[in-house]
Protein chains: 2
Amino acid sequence: MPSTDTTETARERILDTAESLFAQRGFDGVTVRQITSAARCNLAAVNYHFGNKKSLYLEVFRSRWVPRAKRLQAHFRANLADQASMRPDAAAVARSLAHTFLAGPMTDEERQRHHQLMSREMGRPTEAFQMVAEDVIRPFFKELAELLRPALPKTVDQEGLSLNLLSILALVLYFNFAREAVTRITGRKYDKAFKDRLVDHIVTFVRNGLGCERMQGEEVT
Amino acid sequence: MPSTDTTETARERILDTAESLFAQRGFDGVTVRQITSAARCNLAAVNYHFGNKKSLYLEVFRSRWVPRAKRLQAHFRANLADQASMRPDAAAVARSLAHTFLAGPMTDEERQRHHQLMSREMGRPTEAFQMVAEDVIRPFFKELAELLRPALPKTVDQEGLSLNLLSILALVLYFNFAREAVTRITGRKYDKAFKDRLVDHIVTFVRNGLGCERMQGEEVT
DNA sequence: GTCTATAGCAGGATAGAC
DNA sequence: GTCTATCCTGCTATAGAC
């Protein structure tokens with residue numbers, strides 16, 4: 001649940017609640033009235049601080065999504081360095097990614113919010129996707145590609161590399177985005193045990209999917 | 001593009017255009033006015049034929065999504081029977097699934113519509129998901145599980161089986177749902193060549209992901 | 001910066017003629 | 001079954017007091 005501390009400024013409370021509501025219901029599914037009343041401030045506050053509803057949506061990405069993505073990237077790098085000191089193999093990269101995105105440093109709710117916002121943008125890109133793609137995703141994608149490149153067979157071309165990375169992201173996004181559906185099918189809540197299970201599952205799936213040999217046994221964080 | 005033939009009744013035209021628009025923009029992103037004007041009929045027609053907007057949304061699933069899903073399932077079974085006459089292995093199941101869902105018997109636009117509707121429901125289930133899950137998805141899921149069960153190591157439990165199936169669906173849904181993002185990253189349009197490439201990629205990814213041995217070489221349809 | 005009040009309009013839904 | 005005309009609610013956005 002977004003922080004609705006009274007010590008926060010109205011502007012910050014609006015950003016937090018707006019992010020949460022946009023993630024849950026999408027831009028069109030949320031009204032400015034719902035945002036301001038959940039943020040315990042006046043209806044006019046959105047227009048005062050952000051100009052209009054759409055600019056608020058963009059500002060959510062700029063000031064909430066992007067910094068969080070950068071923190072996630074930092075966590076990924078630290079986690080990877082813990083596992084594999086020099087040349088990480090594909091399995092290590094996959095585990096760090098899955099762990100960071102599924103069970104990483106943030107609260108469950110924050111993580112789900114993060115991935116739901118991105119999933120919505122992937123299904124129907126807006127200006128926000130443009131911005132985030134240039135500034136955050138593309139550089140990180142390149143970084144990941146360079147990490148994976150030496151771990152893959154030489155027969156894999158640039159496009160194959162991209163498809164493999166997209167597939168990893170597909171799994172991670174899906175298991176965060178479709179939580180309710182996954183819960184209905186498996187009967188499992190997203191508690192620590194299940195998230196660990198999901199990370200293990202994704203790592204195994206991805207490691208083999210990339211066509212690498214199995215590893216002997218890995219532990220992480 | 002939905003059929004807007006004048007020979008169709010207004011009711012049918014509304015269902016077709018509504019499905020297309022709901023898939024593109026979601027329930028809240030579409031107005032009844034947009035639907036009726038794109039279907040070239042009067043504003044009042046939605047309420048006359050369906051009662052209200054929400055019932056129209058449900059009827060789209062009942063009379064469009066469900067029958068298409070059943071046709072897809074039939075195509076999957078036929079395709080699988082072509083490949084593997086008796087006991088299909090995991091790779092054959094994966095290939096038939098990927099082919100059916102990514103390059104199957106329907107138009108590109110129809111397939112994308114189908115998966116976007118479902119992706120939206122997975123992210124935020126409504127009554128429609130409830131209905132579709134009971135009547136269509138769960139039985140097919142069971143059918144797939146029984147097909148895959150004998151092809152997997154005995155160490156894989158029921159939950160592992162479910163996770164593997166969910167992962168396959170994650171890949172298929174993702175590459176249909178996030179077409180624009182995939183196109184931006186890979187630079188490829190969804191033409192026949194790229195779809196074939198995607199099917200091959202998913203089959204390889206999944207086959208290995210399921211922890212089965214490699215196969216010697218498969219051809220299909 | 002924050003509020004009240006309201007303009008101005010688009011939304012879903014309906015009544016009733018044809 | 002299909003249309004026009006309209007109701008009424010709820011939306012975004014703004015003006016202006018405090």
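When reading the values below, keep in mind they use all heavy atoms of this one structure, side chains included, and skip hydrogens, waters and symmetry mates. Naming: A, B, ... by sequence-line order, numbering from 1 per chain.
Nearest to the side chain of Tyr48(B), among dG1(D), dG1(C), dG12(C), sits dG1(D). Checked against dC3(D), dT4(C), dG1(D), the side chain of Asn42(B) finds its nearest nucleotide in dC3(D). Taking only side-chain atoms of Asn47(A), from C-beta outward, the nucleotide of dT14(C), dT2(D), dT14(D) with the closest atom is dT14(D).
At a cut-off of 3.5 angstrom, counting only N and O atoms as typed in the model, there is a donor on one side and an acceptor on the other between the side-chain of Arg33(B) and the base of dG12(C).
For Phe50(A) and dA13(D), the CZ to P distance is 13 Å, given to the nearest whole Å. Rounded to an integer number of Å, the gap from His49(B) NE2 to dA13(C) C1' is 15 Å. Residue Lys53(B) contributes atom NZ, which lies 17 Å from atom C1' of dT14(C) at whole-angstrom precision. Remark: C1' of dT14(D) and CG of Leu43(A) are 10 Å apart, rounded to the nearest angstrom. Distance, Arg40(B) CZ to dG1(D) P: 18 Å, rounded to whole Å. Following rounding to the nearest Å, Lys54(B) (NZ) and dG12(C) (C1') show an atom-to-atom distance of 14 Å. Across the protein-nucleic acid pair, Leu56(B) atom CG and dG11(C) atom P stand 16 Å apart, rounded to whole Å. Separating the CD1 atom of Ile14(B) from the P atom of dA13(C) is a distance of 13 Å, rounded to the nearest angstrom.
A salt bridge links Asp108(B) with Arg111(B): at least one charged nitrogen is closer than 4.0 Å to a carboxylate oxygen.
Within 6.0 Å of CD in Glu127(A) there are 12 or fewer heavy atoms belonging to other residues, nucleotides or ligands.
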Enumerate donor-acceptor pairs with a distance under 3.5 Å from any side-chain N or O in residues 26-35 of chain B to protein atoms, sequence neighbours excluded.
from	atom 1	to	atom 2	distance (Å)
Thr31(B)	OG1	Gln34(B)	N	3.0
Gln34(B)	OE1	Thr31(B)	N	3.0

Next item on the list: Could you go through the ring-ring contact (aromatic ring centres under 6.0 Å, His included) check for Tyr174(B) and Tyr174(A) one step at a time?
Entry: CA-CA 8 Å; Tyr174(B) 182 84; Tyr174(A) 182 84; 9.4 Å; no

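Counting non-hydrogen atoms under 4.0 angstrom, Ala44(A) reaches a base of the nucleic acid.
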